[in-house]
Amino acid sequence: MHDLRYIRENPENFDKAMARRGLESQSASILSLDEERRAVQTKLQVLQAARNETSKKIGEIKKSGGDAQEAMDAVAALKTEMGELEERERELSNSLNQRLAGLPNIMSDEVPDGADEADNVEVRKWMPEGGEPRIGKNAAKEHYEIGEALGMMDFETAAKLSGSRFVMLSGKIARLERALAQFMLDTQTEENGYTEVSTPLMVRDETMYGTGQLPKFGEDLFKTTRGDWLIPTAEVPLTNIVAQEIVDEVTLPRRYTAFTPCFRSEAGSAGKDTRGMLRQHQFYKVEMVSVTKPEDSVAEHERMTGCAEGILQKLELPYRVVTLCSGDTGFGATKTYDIEVWLPGQDTYREISSCSNCGDFQARRMNARYKPEGEKKTQFLHTLNGSGLAVGRTLIAVLENYYDPADGGVFVPEVLKPYMGGVEKIVK
RNA sequence: GGACAGAUGGCAGAGCGGUUGAAUGCACCGGUCUUGAAAACCGGCAAGGGUUUAUAGCCCUUCCAGGGUUCGAAUCCCUGUCUGUCCGCCA
């Protein structure tokens, strides 16, 4: 949600910001709505003041036993006039809010211009000790080839139960998924100071609105028969923890993490990544969410990205970090880093984490505030979210990077061994 | 699912339909006292919006949400949401 006052004071900046999102000028029509609404509001308030005063007088007259009929008639006249203005005010407010709710966040100046993911800018690259992926190009296999050959990754049975874009894991690969989740959660809580939260997976409209999935992106979500939504990411429940709150400054920054399933209907993405478990209707993810004071969010963004990278480093998986360009940056973000892991089977880097600073955009929608020490006014918080990491995709990366062409098995990364009951290698 | 009870400021908790935006207590901030602190005492302390150069004044709105009754609603009525208690069902 946008700050009307900002648009009033910086209309040309606002239009420029929206232009970077590929939108035509917005400020003129927004401001004319705003102006009309304020005019109506002011007029209405004058009448309300008159009504209040006269009503008070009526009370006094009646108390002293006088005849208040004249004053009562005056109020009745005011009321008919007020009714129309109230109606108009409601209409104007609604259309103004709808307009604002549908507009994306203003991006940071650091976001490079660009049309799509091809224009994202690489920030850094990381390789484990040795400087090269352990699997050469010729020996590499895609994760589904590896998993199916091991007999522990079954798309057909999943399709029988649920249709396309589902998978069924079994045996050591199923355990590997659990091990990864456990390992990530332990790292985020014990080393990075995130508080583990177990959240609801079904949420209301307002909650989805708060983080920006609604009203525009309902198509990408699953809706239940009772009318609420399955979360597409734990960002939604975690961020909304502070919705409607005026939080105590000393509790900031707040850092939450959760391990949850994520449900995405991914409408419109048919045909993309159809093989394998790269793009599914359901997957597990460990999510990080930070809530900070405005002045701290930029630093927090770097920190959070580092927390996500730490997981890959411990797993010794090669990756790179890119800054998303203007055309690829999500609706609510001021700036986003994607972390892309090396997938030997695809001979390319693929997104495994996305870390976004949303500034006060979500906080405005959620009305999440704090009161700075010594100040009278409340301020909107800043919110950030990042994957730490997408478990399904990390599983893919482990399978492909730790694949042993000699026997078709998969080595268990060192840090996961304690979580795998001592298993060193997954074999048929 | 059935039957009750409730939802008020950061928290707790009052509130005959008419200076109640709201008593009181706690918390918090400032002051007096004190060598310092505590205690005691005094004062301040909701949010959003309009108007405005103004975070000054003035005004409007808000006591879960949305409707309604009324000249006037925190107070009365209806609907919804949430919470609690009892019963039923159940992993």
Side-chain angles (χ1 to χ4, degrees), chain A residues 1-10 30-97 99-101 198-210 214 224-229 237 240-252 254 261 291 293-294 360 363-381:
Chain A
M1 183 61 85
H2 291 285
D3 182 5
L4 259 178
R5 202 162 302 171
Y6 175 84
I7 302 175
R8 252 179 246 156
E9 286 162 13
N10 310 277
I30 288 173
L31 290 181
S32 86
L33 269 177
D34 174 48
E35 213 168 300
E36 189 181 353
R37 191 197 51 152
R38 278 149 67 207
V40 170
Q41 221 167 46
T42 304
K43 217 180 283 178
L44 182 59
Q45 287 181 2
V46 171
L47 297 180
Q48 283 170 330
R51 177 205 58 194
N52 291 347
E53 204 180 326
T54 312
S55 289
K56 207 174 278 182
K57 217 177 293 170
I58 291 170
E60 284 161 19
I61 294 171
K62 287 204 164 176
K63 202 176 275 176
S64 60
D67 177 15
Q69 193 54 47
E70 193 179 326
M72 283 164 71
D73 291 343
V75 173
L78 283 174
K79 276 184 67 173
T80 44
E81 200 175 341
M82 281 169 56
E84 288 165 35
L85 288 172
E86 277 167 5
E87 175 66 16
R88 185 83 189 116
E89 206 272 339
R90 226 189 329 257
E91 280 170 20
L92 289 164
S93 291
N94 285 344
S95 54
L96 196 52
N97 285 338
R99 277 295 296 282
L100 293 175
S198 176
T199 75
L201 307 177
M202 292 152 62
V203 301
R204 308 162 177 283
D205 291 356
E206 304 91 89
T207 309
M208 285 295 184
Y209 176 85
L214 293 179
T224 72
T225 52
R226 73 197 287 267
D228 35 27
W229 306 87
N240 274 282
I241 288 174
V242 294
Q244 310 297 330
E245 302 282 328
I246 300 176
V247 312
D248 191 341
E249 183 174 9
V250 304
T251 67
L252 299 173
R254 296 211 195 168
V291 178
K293 302 183 206 176
D360 65 4
R364 284 180 186 281
R365 292 174 159 253
M366 297 188 298
N367 200 219
R369 298 158 294 167
Y370 81 108
K371 191 177 286 196
E373 169 100 53
E375 281 186 42
K376 253 196 118 162
K377 297 278 290 178
T378 56
Q379 283 234 325
F380 287 108
L381 294 160

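When reading the values below, keep in mind they use all heavy atoms of this one structure, side chains included, and skip hydrogens, waters and symmetry mates.
Nucleotides C42(B) and A27(B) place their P atoms 15 Å apart, quoted to the nearest Å. Look at the P atom in both A46(B) and U24(B): the space between them is 13 Å, to the nearest Å. The same atom, C1', is picked in U75(B) and in U53(B); the two are 42 Å apart, to the nearest Å. A7(B) and A74(B): their C1' atoms are spaced 12 Å apart (whole Å). Taking the C1' atoms as reference points, A3(B) lies 16 Å from C89(B), given to the whole Å. Comparing G49(B) with A39(B), their C1' atoms sit 43 Å apart, to the nearest whole Å. Rounded to whole Å, the C1' atom of C76(B) lies 31 Å from the corresponding atom of G1(B). With C1' as the reference atom, U61(B) and G21(B) are 11 Å apart, rounded to whole Å.
Across all strands shown, U53(B) forms no Watson-Crick or G-U wobble pair with both key distances under 3.5 Å. Pair assignment for U24(B) gives A12(B), based on Watson-Crick or G-U wobble hydrogen-bonding distances that are each under 3.5 Å. In this structure G84(B) sits in a base pair with C4(B), meeting the Watson-Crick or G-U test at under 3.5 Å. Across every strand in view, A40(B) sits in a pair with U32(B) that passes the Watson-Crick or G-U test at under 3.5 angstrom. When Watson-Crick and G-U wobble pairs are counted only if both distances are under 3.5 Å, C90(B) pairs with no nucleotide at all. Under the Watson-Crick or G-U wobble criterion, with both distances below 3.5 Å, C45(B) has no partner in any strand shown. Judged by Watson-Crick or G-U wobble contacts below 3.5 Å, the nucleotide G17(B) has no partner. Under the Watson-Crick and G-U wobble criteria, each requiring two contacts below 3.5 Å, nucleotide U79(B) is paired to A65(B).
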All N/O contacts under 3.5 Å from nucleotides 59-61 of chain B to the protein, with atom names and distances to one decimal?
residue : atom : partner  : partner atom : Å
C60(B)  : OP1  : Asn52(A) : ND2          : 3.2
C60(B)  : O3'  : Gln48(A) : OE1          : 3.3
C60(B)  : O2'  : Gln48(A) : OE1          : 2.5
U61(B)  : OP1  : Arg51(A) : NH2          : 2.7
U61(B)  : OP2  : Asn52(A) : ND2          : 3.4

So which protein N/O to nucleotides 78-82 of chain B N/O distances come out below 3.5 Å?
residue : atom : partner   : partner atom : Å
U81(B)  : O3'  : Arg204(A) : NH2          : 3.2
C82(B)  : OP1  : Arg204(A) : NH2          : 3.3

Contact list (N/O, under 3.5 angstrom) for nucleotides 15-19 of chain B vs protein:
residue : atom : partner  : partner atom : Å
G18(B)  : N2   : Ser55(A) : O            : 3.1

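Across residues 72-89 of chain A, Met72(A), Val75(A), Lys79(A) each have a non-hydrogen atom less than 4.0 Å from an atom of RNA chain B (numbered order).
With sequence neighbours left out, Ala74(A) forms a side chain to side chain contact (heavy atoms under 4.5 Å, CB included) with no residue at all. Scanning for side chain to side chain contact (heavy atoms under 4.5 Å, CB included) contacts around Thr224(A) gives Met202(A), Arg226(A), Asp228(A), Leu230(A), with sequence neighbours left out. Applying the side chain to side chain donor-acceptor pair (under 3.5 Å) criterion to Thr251(A), with sequence neighbours excluded, gives Arg254(A). Residues passing the side chain to side chain contact (heavy atoms under 4.5 Å, CB included) test with Pro261(A) are Leu201(A), Phe263(A), Tyr284(A), sequence neighbours excluded. Evaluation of the side chain to side chain donor-acceptor pair (under 3.5 Å) rule for Glu36(A) yields Arg88(A) as partners, not counting sequence neighbours. With sequence neighbours excluded, the residues satisfying side chain to side chain contact (heavy atoms under 4.5 Å, CB included) with Ala363(A) are Ala368(A), Phe380(A), Leu381(A).
Among residues at least two apart or in separate chains, side-chain hydrogen bond (donor to acceptor under 3.5 Å, both in side chains) pairs with a member in residues 200-210 of chain A are Asp205(A)-Trp229(A). Applying the side-chain hydrogen bond (donor to acceptor under 3.5 Å, both in side chains) test to pairs two or more places apart or on separate chains, none has a residue in residues 44-57 of chain A.
As rounded to whole Å, 4 Å separates atom P of A47(B) from atom NZ of Lys371(A). Atom CG of Leu44(A) and atom P of U62(B) are 11 Å apart (whole Å). Atom pair Arg8(A):CZ and G49(B):P shows a separation of 9 Å (rounding to whole Å applied).
Contacts of Thr378(A) with the nucleic acid, taken as non-hydrogen atoms under 4.0 Å apart, involve only primed sugar atoms and P, OP1 or OP2.
The closest side-chain heavy-atom distance from Val40(A) to Lys43(A) is not below 4.5 Å.
Of the possible polar contacts, one joining the Asn10(A) side chain to the Tyr6(A) backbone as a donor-acceptor pair under 3.5 Å is found. Under the 3.5 Å distance criterion, the side-chain polar atoms of Thr80(A) are matched with a main-chain donor or acceptor of Ala77(A).
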Stepwise side chain to side chain contact (heavy atoms under 4.5 Å, CB included) test for Leu100(A) and Ile7(A):
CA-CA 11 Å; Leu100(A) 293 175; Ile7(A) 302 175; 3.9 Å; yes
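Distances were taken from every side-chain heavy atom of Arg90(A) (C-beta onward) to each of U51(B), A46(B), G67(B); the shortest belongs to G67(B).
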